[in-house]
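Order of listing sets the numbers, starting from 1, for every ligand and every atom in it. If you read the sequence from its start, that first residue is 1, and numbering goes on from there.
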Amino acid sequence: MWDAIWTGARLATMTTGGAPYGAIGTADDPAAIAVAGDRIAWTGRVSELPGAPETLAHAVHDAGGRWITPGLIDAHTHLVYGGDRAHEFELRLNGASYEEIARAGGGIRSTVTATRAATEEELVASADRRLAALCAEGVTVVEVKSGYGLDLDNELKMLRAARRLEERRPVTVRTTLLAAHAVPPEYQGRPDAYIDEVCHRILPAAAEAGLADAVDAFCEGIGFTPAQTERVFQAASRHGLPVKLHAEQLSDLGGAALAARFGALSADHLEYLSEDGVKAMAEAGTVAMLLPGAFYCLRETKLPPIDALRRYGVPIAVSTDCNPGTSPISSLLTVLNMACVLFRLTPEEALAGATRNAARALGLQESHGTLEPGKAADFALWDIDRPAELSYRIGPNPCAGVVKAGRPVA
Ligand SMILES: [Zn+2]
């Protein structure tokens, strides 16, 4: 006996090689999905079930013709932080320059100050409000980065806060150490000394405490050089942690190719990615993580090389990049719309970017991201007539239910 079955459904399994969206079922010939424990046990058409649903599962749910997709995965967020930057947003729109804002203690430095001042409990509580919005739209896995503590105690505090979000919501949290996000004020003008601190103290401590699932860095003119980034990646390798990279957002430093050389899970942003970078990513199997929310908020004009990514078969993921400075967005569906409108992804590519390819960007492709027997029973039910509606509308939330680890949670 299965634990539960949902009948009367249309499945967007997001598997490849079959119908668009990996779709199973029609309005006249609906599909079903069964779960056993926390895993998917069966998917197919109701007409193919080996018996009446009541004889096969302890609980039978009627999906009422709704579409079911894999639980959405937001695979690049800075969800945990102190304070916000609404005041700066207003100052800037009233004509203040970046320099004036920076002199007034604004920018990332203000978030570092607020994050250091916050208790772990306060960080959990404020991140939980943003997480609630994500989960209401069918998100069941979220990645959360550190990177606003920028010292040993505060980076670990951020990672612990991120992990504790799992106690608050039916969501799987994957944590990423992003200590190499910016040079902290006490290391001003001494970035290499700070990278020493990251490689020899912060990263080993996070690894030993089991608080980081991956390591990230910000490779950019206003961040760290490729040589500094490489030192962080070498330290990550020594501790057996996979890497990913904020790369080619504002210029082309060859960061994506560097990341690919370390077998990175993903290279993220990529507006300035070169064709050589695309090739390197394709060969390494590194996911291209697109973040249209930051592109939108920064009013960027240089588009990531979508056609080249398609041509070389690089898997494309899409995430909110939820952060207080450049992407204060806690709606993955809105970001899917941005990916279509701004980057011209197809609705199917956008949805794959928040399911199958987002799972790959977290190294979870064996267990998450598609609806297939054996995978985690994480899925969302939607009041829509076709999957394209998930990226078509802005505003209404069509999420009609969420199942996490086999249990209905919303
Ligand atoms: Zn980011």
Next item on the list: With rounding to the nearest 0.5 Å, note down the distance linking CD in E88 to OG1 in T111.
Entry: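 One gets 7.0 Å once the value is rounded to the nearest 0.5 Å.
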Checklist line | Atom pair CD (E197) and OH (Y187), whose distance is rounded to the nearest 0.5 Å | finding: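 One finds 4.0 Å between CD of E197 and OH of Y187.
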Notebook entry, point to check: Does H78 bring an N, O or S atom to under 2.8 Å of the Zn ion (ligand 1)?
Noted result: yes
Margin query: If you round to 10 degrees, what value do you get for the angle at the Zn ion (ligand 1) between H76 atom NE2 and H246 atom NE2?
Written below: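 Vertex the Zn ion (ligand 1), arms to NE2 of H76 and NE2 of H246: 90°.
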Next item on the list: For the pair T7 (side chain) and A32 (backbone), establish whether a donor and an acceptor sit closer than 3.5 Å, ignoring hydrogens and angles.
Entry: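 No; zero donor-acceptor contacts below 3.5 Å.
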Notebook entry, point to check: When you measure from the Zn ion (ligand 1) to each N, O or S atom of D321, which atom gives the shortest distance?
Noted result: OD1
Margin query: Taking side-chain hydrogen bond (donor to acceptor under 3.5 Å, both in side chains) as the criterion, tell me which of D321, T175, T176, D216 meets it with K145.
Written below: D216
